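Beneath this line is the structure, given in structure tokens, with notes to follow.
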Amino acid sequence: MIAAALTTDSFLERLPVLARDTVTGRLPESWRWMAGSLLEIIAILAGFGLLFAYLTLAERKILGRIQNRPGPNRTGWFGLLQPFADGVKALTKEDVVPAGADRVLHFLAPVVLVAVSLLGFAVLPFGRHLVAVELDTAVLYFFAAGTATELAVFMAGWASHNKYSLLAAMRALAQLISYELPLLLSVVPVVLVAGTLSTTKIVAAQGGWSLGFVPHWHVFTPWGAAGFVLFMVAALAESNRSPFDLPEAESELIAGHLTEYSGFKYALFFMAEYFGMCALSGMAVTLFLGGWGAPLAQLEWIPSYAWFTAKLLVLLLGFIWIRATLPRLRLDQLMKFAWKFLVPLTLLNLANAAGWSLTAGWTGPLQLVRWAVALALVAVPFVVLGRTLSAGSAPRTYRFA
Amino acid sequence: MNATPLANPSSGAHVRSVPGDLPGDLMEVSMGPHHPSTHGVFRMIVTLDGETIVRLKPVFGYLHRNHEKLAENTSYLGSMPYTDRLDYLNSMTNNWAYARAVEQLAGIAVPERAEYVRVILAELTRLLNHTCLAGFLMQDCGCSGTPLMYAFREREKILDLFESLSGSRMMCNYQRFGGCRVDPSAAWLAAAQQLVDGYGPFLDEFEALLTGNEILLARTQGVGRLSAALAINAGVTGPMLRATGVNYDLRKVDGYGVYPRFQFRIPLGEHGDVYDRYMIRILEMRESLAILRQALAGLPAGPIMNPAAKLRGFRPKAGEAYGRIEGPKGEIGFHLVSDGGPNPWRYHVRAPSFINLTILEDLCLGHTVADAVIILGSIDIVLGEVDR
Amino acid sequence: MTFTFLILAVIILGSALAAALRPNLIHCALLLVVSWLGVAGFYLWAGAEFVAFAQVLVYVGALSMVVLFAVLLTRQSRAELRVDAPETRRAVWAVIAGVAVSGVIGAAVFATKWDPAPVTAPEVTVRGLGLELMGAHAAALLLLGVLLTAALLGAVVLAAPDRPEKEEKS
Amino acid sequence: MLGSGILQGLLVTAKNFVGSFHDPARYTTLEYPEVKPALPEAYRNFPFLVCDNATDPLGTLRCVACQICEKECPPQCIYIEKSRDKKPDATGKPQIYPAVFAIDTSVCMSCQICVEVCPFDAIKMDQVFEVATTDRYAALLLDRGQLTKPNTYFHTIHPTEAAEVDARLAADRQAAEEKARVAALAKAKAPAAPQAPAAPVAKRDQTPESAP
């Protein structure tokens, strides 16, 4: 932690770090680092565990309100105890393991999935001094941890020894692999412009405001906006959420690779999905929305971790909103969308970002030219590729007899 | 490769991996009868080559309640409440078809007011059925229940109308031979008018949510294509037939009841795929609204029931009759053979869902599992009518 | 420091050995992945973070899937996943191959002069790595790119429907 | 442009989300146990036997055990046993009454055909829908005592129909008395005439229709 910055910030800002230091202060020197990181782990687990619990409730409430009904409001005041009720239900439900199942893998799959999806939180800068692990290659670490989820999904599908699970495991793998490419490629422009893989430095690169009220967040640049949208679409697919929730497509393959799971293992899978969603949204906030930066200079007094949480919640609500509205893609359309639409767009976006950083020096009228070229590089391929993608399908007109 | 029972040493359970006559890499999956998207107890044995369907064998009969034999031992009036249970979504149209068949058999005249009320109720049922179908189809496509909930919200308003008129939301048992059981009150007619006025905006909102949706266009266009020739040979009727471009709607062909007095159009599709079937039903709903407006405006006064019609001890003269109407799912008809007794000698229901379902395999070949679910959804079957 | 090195060595070798001996091929593939993770841990222990996470990204993420898909697609049913019982004739050939390979590696190991490990690992930043890669080793990087695209095109050709008469239904 | 349909869809769901907070049309849930549903007057569920006043349910029971509803009921869920003795009905005429009148509510489908065919307005449709019981057999077989409910209750659940039925019954009773009075007058006016044939039985206006 940069001790100098500690003193200048407001008390609220330094509160979490102070809390940790007072607790570890009592321990002998050699134990202090271990205790400190242990506290951080507990904080992350508790924080995101609670966020997962209330995210499930928020999802059911918002879905309900969108569908003109209240959502759960019987357990506790306004349904606030619903997550704990679900947790108890998941714990008390019998854990059935099918006869032909491969017991070891069947047990390991949810454990590995949750463990891996938790790894991502280590490098996310939640606040000015709140990053668990200060890594030079943080972004690479985050996506390296993310790829292991495929392994766990495969283990779940294969170990259940059930036709539906096998079909779904194959679908899930194909989807996860083909959407990993646009996910990574949409992050590369940020690394290129920020010049570093470390998340704290990326957030620092987005500090400051120009013209008094426009923050230097990447999302307010043409390539940044395009990159943000592409990243979010790929994140939707990577965490098996709405338009891409093929693996557990309830209308076709019952619960996909989760068919043979019940009880707490089933709940673990959902916990992993929500952790994955939170981690990817956290990374999106860090890369494109200026991490814990405040949108306006005057709002600096609100602590940085409050800004991070606010942006995270906005993105998560977006996930839920999309889930309530959009139908599901078919597997081949999913693949076509990834390879023929997302990957070319992300590559072009990379070129766009390179051009953007090269022309950083231009001023005056050249600035307009720079913005025009960058916007054109985003809009034109989108429209062209969009037209080829939806070539055959358009709303039709009908004749009447 | 013969059927090698898979000897699994650890558990000793013998699992048949691949049925005998299938080449090596095919996999047989049974979808149903407990499956979230088969609209009731219906089973499809699907043989898959990877994701594409190679063979599909529909299996139904799980909801067979012996309706036709039962009718041979019940009086003509006694069978009327059972017709509600055929296509349990549209009891009013089932009642009307049965009433028409008996009226033709016994030659009973129907007063004009009753004919108008029957048209109003049939068109309300068509709105109800098509809205529900659109909701279920989107549910199969993957929207997590949102369009379905909007559809059910509107359906409840129509069911409230049926309940305040006939006493029950879905099991109306409302039509009698020679008219209707209860005369709709002025308050009921005002409520019906209000519903009709509010339905247009709902349809606009529903179409805004769905019809232009790119994912939906990609999922439904070109899927489950039905050719006009196959549709005619298989005896398919209703929106499925009109989606292939064949202009056949009993309301225009037979001109039964007072339909000739109303101006309305029949939408026709060209490709006959799932998207056309969905859009035809949306456009039909708008036409039903037009009919409802005209019928509610022109409703004459007068008796609701033909006074000469006898309730009990009804013994039509020997003979046979076939009464049919354009139900929401297609041509629903009742074939009655009477031997002069109080019970029909033979009672047969021509159920549109059952006949439309016979071509399920032709539509699904070459498509994936996800498509088969949507194609089944677009055929709009109700198992009560399929199995009888 | 040597204690963690020992643990890592045990993990890598142990899982590799188990992968060789396990009858169930899927278990072998997954144990192989564990050994790759061990190698990544080894890189972390050596302080090369970039290589460690690249190893996890490439091997545990993508390559494990290739191995698992290969295992699944080439086997028809679980029964044939069994490995045949050992026979003496194949054991002899295995020993000969083992001796040959270890001989070559042994020669290479003893031939090189191991200078004592430098006191501190060189301070390597990602920027430095990037410049190095793009500077001195640019040719190798581009060659690798060409190789991978060739592999990709090969895969596409292989995966294309080999039965040309099954034309795409309009 | 790709995605415009999706955006339109998202707008619709957003409108519904916001609407559910202020627009009652977009918030259709009825919290059942706390808020009872407002049943329309025509609502029908399970029949009940009407008796004219609550004090003497068996005495004023309108049902005369003619067993027409038993024959006409499609699922055959009504069981009637005639009484051996007679009891005077509303107009004082001795009538048979049902010794046993049971309806198996697990079979009854509330189709109200029994109400339609009953010539004596003795059976009407109730509006009770909270009928859950723990016993699967005996509790679902309602006997005469459980089925009988007073006419006042009938007025509370089906006001218009009850009023119309009462008017018709009153008119019939009045016509019957009128006929009885005319007959008595004719008998009194001609005492000298040869002994008039036995006083004509006051025929009720609504005799059961001719037997099939």
Side-chain angles (χ1 to χ4, degrees), chain B residues 70-71 73-75 77-82 84-85 138 143 146-147 149-150 152-154 156-157 160-169 171-174 176 181-182 185 187-188 191 198 201-202 204-217 310-315 341-342, chain D residues 1-17 19-20 25-30 37-46 66 68-69 71-76 108-119 124-127 129 157-158 160-161 208-212:
Chain B
L70 216 65
N73 304 323
T74 323
S75 70
L77 175 66
S79 287
M80 181 58 89
Y82 286 140
D84 298 335
R85 271 96 180 155
M138 295 315 129
C143 309
T146 312
M149 281 303 149
Y150 297 158
F152 270 31
R153 178 189 68 200
E154 294 310 311
E156 281 311 315
K157 292 177 189 160
D160 289 347
L161 279 180
F162 286 167
E163 185 172 43
S164 56
L165 181 66
S166 69
S168 166
R169 292 169 64 245
M171 300 299 148
C172 303
N173 183 15
Y174 174 69
R176 290 293 175 266
R181 178 163 55 86
V182 177
S185 64
W188 189 87
F202 158 70
D204 302 340
E205 187 187 292
F206 204 70
E207 283 211 66
L209 175 65
L210 296 173
T211 309
N213 192 321
E214 280 80 4
I215 299 178
L216 191 70
L217 294 180
K310 285 170 63 175
L311 203 58
R312 290 182 53 253
F314 171 69
R315 289 165 166 273
Chain D
M1 196 270 288
L2 186 74
S4 57
I6 291 174
L7 290 179
Q8 226 179 9
L10 286 169
L11 280 182
V12 168
T13 38
K15 189 150 66 88
N16 271 293
F17 178 76
S20 73
R26 293 192 191 281
Y27 186 79
T28 52
T29 306
L30 184 114
L39 298 174
E41 192 207 326
Y43 175 68
R44 52 180 159 87
N45 205 17
F46 295 127
C66 64
I68 287 176
C69 56
K71 281 193 280 297
E72 284 297 326
C73 172
Q76 303 289 319
C108 170
M109 56 181 180
S110 310
C111 65
Q112 64 84 38
I113 280 193
C114 51
V115 172
E116 260 183 279
V117 297
C118 173
K124 290 300 174 190
M125 291 310 278
D126 205 340
Q127 292 195 341
F129 59 92
I157 50 173
H158 296 296
T160 45
E161 192 188 349
E209 261 133 31
S210 57

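Predicted, not measured: the structure shown is a model, and the values here were computed from it. All values below were derived from every heavy atom in this structure, side-chain atoms included, with hydrogens, water molecules and symmetry-related copies excluded.
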>> Quick check on D:Q8 against chain B: is it the side chain, the backbone, both or neither that has a heavy atom closer than 4.5 Å?
In response: both
> Which value, rounded to the nearest 0.5 Å, describes the distance between D:E116 atom CD and D:C111 atom SG?
Replying inline: 8.5 Å
> Taking it one step at a time, do D:E161 and D:R44 satisfy salt bridge (Lys or Arg N to Asp or Glu O under 4.0 Å)?
Replying inline: CA-CA 12 Å; D:E161 192 188 349; D:R44 52 180 159 87; over 6 Å; no
>> When you measure from the side chain of B:S79 to the backbone of B:Y82, do you find a donor-acceptor pair of N or O atoms at a distance under 3.5 Å?
In response: no
>> Quiz question: by atom type and distance under 3.5 Å, do the side chains of D:T160 and D:E41 form a donor-acceptor pair?
In response: yes
>> Please classify the contact between B:R169 and chain D as side chain, backbone, both or neither, with a heavy-atom cut-off of under 4.5 Å.
In response: neither
> Does any heavy atom of chain D fall under 4.5 Å from the side chain of B:T74, the backbone, both, or neither of them?
Replying inline: side chain
> Hey, what do you get for OG1 (D:T13) to CG (B:L209), rounding to the nearest 0.5 Å?
Replying inline: 6.5 Å
> Shortest non-hydrogen contact from B:Y174 to B:V182?
Replying inline: OH-O, 2.6 Å
> Who are the side-chain hydrogen bond (donor to acceptor under 3.5 Å, both in side chains) partners of B:S168, not counting sequence neighbours?
Replying inline: none
> Which atoms of D:M125 come close to chain B, meaning under 4.5 Å heavy atom to heavy atom: side chain ones, backbone ones, both, or neither?
Replying inline: neither
> Highest number of heavy-atom pairs under 4.5 Å with chain B: which of D:N16, D:T28, D:L39?
Replying inline: D:N16
> B:S75, B:P342, B:G212, B:A208: which one forms the most heavy-atom pairs within less than 4.5 Å of chain D?
Replying inline: B:A208
> What part of D:S4 lies closer than 4.5 angstrom to a heavy atom of chain B: side chain, backbone, both or neither?
Replying inline: both
>> Using heavy-atom distances under 4.5 Å, tell me whether D:Q127 contacts chain B through its side chain, its backbone, both, or neither.
In response: neither
>> Looking at every non-hydrogen atom in both residues, tell me the closest pair between D:I6 and B:E214 and how far apart they are.
In response: N-OE1, 3.2 Å
> Which atoms of D:P74 come close to chain B, meaning under 4.5 Å heavy atom to heavy atom: side chain ones, backbone ones, both, or neither?
Replying inline: both
> Side chain, backbone, both or neither: which part of B:F206 has an atom under 4.5 Å from a heavy atom of chain D?
Replying inline: neither
> Contact part of D:L2 toward chain B, heavy-atom cut-off under 4.5 Å: side chain, backbone, both or neither?
Replying inline: both
> Given that the side chain runs from C-beta out, which part of B:L217 has a heavy atom under 4.5 Å from chain D: side chain, backbone, both or neither?
Replying inline: neither
